[in-house]
Amino acid sequence: MLEGLVSQESLSLNSMDMSVLERLKWVQQQQQQVVSQSSNNSPELLHQILQFHGSNNDELLQGSFSQFQMIRSGFGPNYNMGYGPQHEAMDGCISRTSSCQMEPVDTMEGLLKNGTEEDRPISLKNKRKQEVKTREEEKTEKKIKVEADTESSMKGKSNMRNREASSETSKETLKGVSEIPKLDYIHVRARRGQATDRHSLAERARREKISKKMKYLQDIVPGCNKVTGKAGMLDEIINYVQCLQRQVEFLSMKLAVLNPELELAVEDVSVKQAYFTNVVGSSKHSIMVDVPLFPLDQQGSLDLSAINPNQTTSIEAPSASWESQSQSLYNTSSLGFQY
Amino acid sequence: MMSTYNMVKQEFIKKWITTLHMLDCSVEHPLNVTERKNAIKLSSDIAMAAARSGSTVWSRALISRSGNKTANKPVARRILKKARNRLKNRCLTLRRNGNFTAKSGVRKRTELLKSLVPGGELIKNKDYLIRETLDYIVYLRAQVDVMRTVAAVDSVTGNLTNDNK
């Protein structure tokens, strides 16, 4: 099973970015732990994991706009019924796989602690519900929900503490489960001790949606990875949008200067289109156009990794967390720079 | 992946050239630099929104905003037949200028973001706002990339023609 996972991973290495690679390795480690800790470990679980990986690789290769639709379509079913891993965002894979740790009962707390240690480096990026459903749950209809992190703290550490705290209580309920039940999907509902009424569940689902969106924004906006907290990320996003808008202003002024007749050198359109199509992966042009189109950052998981890292030569300095390659652009922009 | 972004850019540049041409025909020459800059920016904004031409709030709001700026509304309408929208008036009247009564940092920033993204003030749902922002950023990015390319090409060709003289 693990070999299968490795081969799948290597297949998709080229197209995947580092964060997902990290996640896969993490999942691999988790699986190794799971395998080592429970003799009963179900091949079905690992098989599911492989399936999830397969589906997620496909998702990663799709267009960004289809991903937006995926976000839209995938939320509802997830939280209510937990069907359809194909619809879930790529993070869902990790949530499912990490939830396997809940299965072996003997050292549940230990498992969670292992999970937390692995989680911390990735915790900033991963905001998901971990859902585990057990037979016990079905009987007693108690709901245990372990969230990878709540929206209140995207830092991650306090989340882990929450998880561990809840794990102690949930340990009792899982005592009766001696074997890993055969499940299609693994779900955990509300955390024990938390409100389980509809409103808070819906509220939690809504917050999860928002945090997932924030994660995608993190992928697009450069430099968001280092920032935690909604306010900080919103700051970055606002900064980025403002900067892009300023760039548009600046570039339009520059074009106005360069083109006394308000024509865009129409005959060059075909040339420019050729640029756009040929530029995939290449970072140099015959002309000193600086349009390198390599991945935005190593962790960009959206296919908008084609967007080059933000280089701005606009009047105000960009924030320090952005990469800047403004060499050739400086050369070309010296014309219209003062206005 | 990459092709989607390229397609976005190609779409944008096609529309931009059309829009600019139409704007050019409808305005009298000579124009000074500022007017040219405004025309370029306006045409590129319209083109960006038209390239999106989907169900996004920001594209419709941007079109309506640009439509009111142009002296010739037929220009905008001709290009974007679908862009008749009910948001038009509301969008313009709702512009805020930094007078926030926000209670927390997140709320304050959300308000600021709403003011940046065209049509953002009309979006109540924060979840939807972020989705709109994502989309808007993609297209804004495409706009910037295309303009930068065009500017670089123009500067080079400009240098060449100067040398020939």
Side-chain angles (χ1 to χ4, degrees), chain A residues 61-65 68 71 206 209-210 213-214 216-217 220-221 230-231 234-235 237-238 240-242 244-245 247-249 251-259 262-266 268-269 271-273 275-277 280 287-291 293 303-308 328-329 332 335 339, chain B residues 1-6 9-10 13-14 16-17 20-21 23-24 27 29-31 33-41 44-45 104-106 108-110 112-113 116-117 126-127 130-131 133-138 140-158:
Chain A
L61 290 173
Q62 281 172 9
S64 67
F65 308 118
F68 293 158
I71 298 171
R206 191 188 134 259
K209 264 194 226 178
I210 292 177
K213 299 278 173 58
M214 298 289 254
Y216 285 112
L217 272 170
I220 286 192
V221 176
K230 264 195 193 157
L234 279 177
D235 255 348
I237 290 161
I238 285 168
Y240 191 56
V241 169
Q242 277 175 339
L244 285 178
Q245 285 174 342
Q247 271 188 309
V248 168
E249 294 269 349
L251 284 170
S252 58
M253 182 50 132
K254 178 174 167 189
L255 283 176
V257 165
L258 289 175
N259 291 311
L262 207 61
E263 286 291 336
L264 277 188
V266 178
D268 286 344
V269 168
V271 181
K272 285 161 203 155
Q273 288 184 353
Y275 285 157
F276 295 145
T277 51
V280 178
I287 311 186
M288 51 176 188
V289 173
D290 184 34
V291 193
L293 292 169
D303 59 348
L304 297 169
S305 56
I307 302 177
N308 50 351
S328 58
L329 194 53
T332 58
L335 283 169
Y339 64 86
Chain B
M1 310 185 277
M2 186 46 215
S3 60
T4 319
Y5 188 56
N6 271 343
K9 287 202 278 191
Q10 287 187 13
I13 197 174
K14 276 187 227 164
W16 188 22
I17 290 172
L20 197 56
H21 195 66
L23 214 53
D24 194 22
V27 186
H29 297 271
L31 301 168
V33 175
T34 316
E35 286 167 353
R36 288 207 303 270
K37 173 213 156 193
N38 290 337
I40 287 174
K41 179 154 193 293
S44 84
D45 280 346
S104 72
V106 172
K108 189 173 179 180
R109 286 168 175 89
T110 317
L112 180 54
L113 185 60
L116 281 181
V117 173
K126 196 160 70 164
D127 169 44
I130 292 179
R131 201 190 308 169
T133 313
L134 248 182
D135 205 71
Y136 181 55
I137 285 177
V138 172
L140 207 52
R141 195 60 200 260
Q143 188 185 22
V144 165
D145 281 343
V146 166
M147 287 179 95
R148 194 182 289 149
T149 316
V150 169
V153 169
D154 275 346
S155 67
V156 168
T157 54

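So that the names make sense, note that chain A is the first sequence line, chain B the second, and so on, each numbered from 1.
- For the atom pair CG (B:Leu112) and CD1 (A:Ile237), the distance works out to 11.5 Å, reported to the nearest 0.5 Å.
- Between B:Lys37 and A:Glu249 there is a side-chain heavy-atom pair separated by less than 4.5 Å.
- Taking the side chain as every heavy atom from C-beta outward, A:Gln247 and B:Arg148 approach each other to under 4.5 Å.
- Counting all heavy atoms, side chain and backbone alike, A:Leu255 lies closest to B:Ala151 at CD2-CA, 3.6 Å.
- No other option in B:Met147, B:Lys41, B:Glu35, B:Arg36 has as many heavy-atom pairs under 4.5 Å with chain A as B:Arg36.
- Considering every non-hydrogen atom in both A:Leu244 and B:Val144, the closest pair reads O-CG2, 3.7 Å.
- A:Ala256 and B:Ile40 make their closest contact through N-CD1, 3.4 Å (heavy atoms, listed as atom of the first residue, atom of the second, distance).
- Residues satisfying the side chain to side chain contact (heavy atoms under 4.5 Å, CB included) test with A:Gln242, not counting sequence neighbours, are A:Ile238, A:Asn239, A:Arg246, B:Leu116.
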